[in-house]
Amino acid sequence: MKAEQYKLEISKILNVHQDNIFLYWKGRVALYAVLKAMGISENDEVVLPGFTCVVVPNAIKYLKAKPVYVDIDKDSLNVPLENIKKAITTKTKVIICQNTFGLSSNIEEIVKIANENNIMTIEDCTHGFGGLYNEKSNGSYCDAAFYSTQWNKPFSTGIGGFALINNSILLKEINENNKELIKPKFTAVLNLRLLLLAKKYVLNSHTYWFLRKVYRILSKLNIVVGSSSGEELEDVIMPENYFQNMSKVQINEGLKNIKEINRLIELRKKNAVLYTELLLKHNRYHVSMQLHENHSFLKYPVLVKDRDVFMEIAEKEKIEIGDWFCSPIHPIKNNFEKWDVDVEKIPNAVFCSRKIINFPTDVKKIDKYLLFIEKNIDLFI
Ligand SMILES: *Cc1c(COP(=O)(O)O)cnc(C)c1O
């Protein structure tokens with residue numbers, strides 16, 4: 001079976017047993033499955049970074065639990081241990097830590113505190129698959145981890161994700177719950193197959209900007225399978241057909257693309273050094289060299305004075321930059337109360353979400369980006 005083969009390939013990179021890997025339609029579904037296996041329900045609190053994707057608190061809210069956001073520090077863009085400690089109450093059942101842009105938090109210390117308080121831990125490795133933290137694979141420290149293979153993630157299957165279960169007590173639960181998984185609709189799979197073909201044959205540096213626009217419009221209108229359906233961005237009600245299995249199309253794509261992961265991480269890390277050296281030379285915000293060893297640099301984050309102005313200039317010069325996390329719960333811009341976000345409590349996350357952009361790291365020709373930075377250095381913080 002192809003699914004077993006795919007799990008085996010994933011497990012080799014994570015250095016775990018393949019039976020501990022579970023495949024899903026998206027990474028967020030993997031998170032939901034893990035939370036459910038942990039028995040999360042009404043009145044439970046889940047501590048998470050106040051600098052994440054809205055689909056993370058969504059999975060918590062779908063189980064009627066409460067997300068408790070913790071502020072980040074500006075250097076690592078991750079949550080310091082002290083802030084996590086302060087957020088823990090008698091209702092805390094789970095702490096979610098995140099590999100932001102490919103860098104983990106002080107995971108050993110967080111797990112220690114969690115264990116002392118009888119709290120489960122989940123690592124959001126959607127940016128960190130294949131990367132290491134203190135020489136162990138991202139995802140190996142917590143009770144469970146989840147990964148994404150969406151377009152922009154460490155390697156891609158268009159959309160897709162999987163979970164890793166390290167705590168054997170959870171295995172029985174997740175296997176039981178997975179009996180409820182829905183087979184993805186034929187139309188959704190066909191849609192994904194067409195997008196993957198379009199990416200392979202039509203997408204190139206000439207068509208990128210036009211196709212990006214078309215994709216974003218169609219995805220907003222729910223005409224193509226986008227990363228998030230409109231309803232996931234408007235409210236915290238679980239969409240129909242949310243709990244979906246991974247399709248064969250995704251498995252085949254995954255088997256093909258996972259082979260590239262080590263080469264990609266090497267390239268990303270190499271390019272990141274060049275970004276850091278340049279920004280350091282100009283005394284701008286950068287990822288400190290001390291953090292490089294544990295960072296897999298899915299993207300390179302920088303801070304800019306005025307993001308709208310910056311994005312406009314970059315687009316004119318055909319420089320592809322990303323805008324995660326443009327909000328503490330990307331990409332939500334209002335109605336924060338629906339997700340229990342209190343912006344007063346996460347000032348660093350609010351600041352960074354206004355100023356952050358990211359540069360690509362998996363490009364062969366980095367010079368274009370370095371020259372652009374050098375030329376526009378005054379726009380950087
Ligand atoms: C992409 C992402 C997710 C969700 O992954 P999907 O596969 O799109 O569901 C979760 N958390 C973070 C931080 C992400 O960037």
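Small disclaimer: the values here were computed from a predicted structure and weren't measured. Start at 1 and go down the list; that is how both ligands and their atoms are numbered.
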Open item on the list: For a quick test of reading the model, state the closest non-hydrogen atom pair linking His127 to Thr100 and the distance between them.
Closed with: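 Distance-wise, the nearest heavy atoms are ND1-C, 3.9 Å.
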Task: Taking every non-hydrogen atom, the tightest pair across Lys345 and Asp71 - done: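 Scanning both residues, the minimum pair turns out to be O-CB, 3.9 Å.
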- [ ] Flag this pair as yes if the NZ/CZ of Lys74 is under 6.0 angstrom from the six-membered ring centre of Phe351 and inside a 45 degree cone about the axis; otherwise no.
- [x]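 Satisfied, under 6.0 Å and within 45°.
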Open item on the list: For Tyr141, does the six-membered ring have the charged nitrogen or CZ of Lys136 within the cation-pi criterion, i.e. under 6.0 angstrom from the centroid and within 45° of the normal?
Closed with: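 Yes, Lys136 lies over the aromatic ring of Tyr141.
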- [ ] Evaluate the side chain to side chain donor-acceptor pair (under 3.5 Å) criterion for residues Tyr69 and Asp342: first the C-alpha distance (whole Å), next the side-chain angles of each, then the deciding distance (0.1 Å), finally the verdict.
- [x] CA-CA 8 Å; Tyr69 301 91; Asp342 179 353; over 6 Å; no
Task: Aromatic ring proximity Tyr275/His295, centre distance under 6.0 Å - done: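 No: the rings miss the under 6.0 Å criterion.
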Task: Tyr300/His286 aromatic ring centres below 6.0 Å - done: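 No, they do not, as the ring centres are separated by 6.0 Å or more.
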Can you sort out which atoms of ligand 1 are near [X], meaning under 4.0 Å from one of its heavy atoms?
X	value
Arg28	6 (P), 8 (O), 9 (O)
Val56	10 (C), 11 (N)
Gly160	7 (O)
His127	13 (C), 14 (C), 15 (O)
Gln98	13 (C)
Gly27	6 (P), 7 (O), 9 (O)

Open item on the list: Minimum distance, heavy atoms only, to atom 4 (C) of ligand 1: which one of Ile96, Asn152, Val55 is it?
Closed with: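 When every heavy atom of Ile96, Asn152, Val55 is considered, Val55 comes closest to atom 4 (C) of ligand 1.
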Open item on the list: Taking 4.0 Å as the limit for heavy-atom contacts, which would you say applies to Thr149 with ligand 1: side chain only, backbone only, both, or neither?
Closed with: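 Looking at Thr149 and ligand 1, no heavy atom falls under 4.0 Å.
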- [ ] Between Asp124 and ligand 1, find which residue part has any heavy-atom pair under 4.0 Å and reply side chain, backbone, both or neither.
- [x]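 Asp124 to ligand 1: side-chain contact only, backbone stays beyond 4.0 Å.
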Task: Test item: side-chain donor near acceptor, Asn177 and Glu173, under 3.5 Å - done: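 No, no side-chain donor-acceptor pair sits under 3.5 Å.
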- [ ] Quick one: do Thr149 and Thr157 satisfy side chain to side chain donor-acceptor pair (under 3.5 Å)? Show the steps, please.
- [x] CA-CA 5 Å; Thr149 51; Thr157 59; 2.7 Å; yes
With only distance considered, is [X] within less than 3.5 Å of ligand 1 through an N or O on each side?
X	value
Ser148	yes
Thr52	no
Gln150	no

TODO: Answer with yes or no whether Lys153 contacts ligand 1, where contact means a heavy atom under 4.0 Å from a ligand atom.
DONE: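 A heavy atom of Lys153 does come that close to ligand 1.
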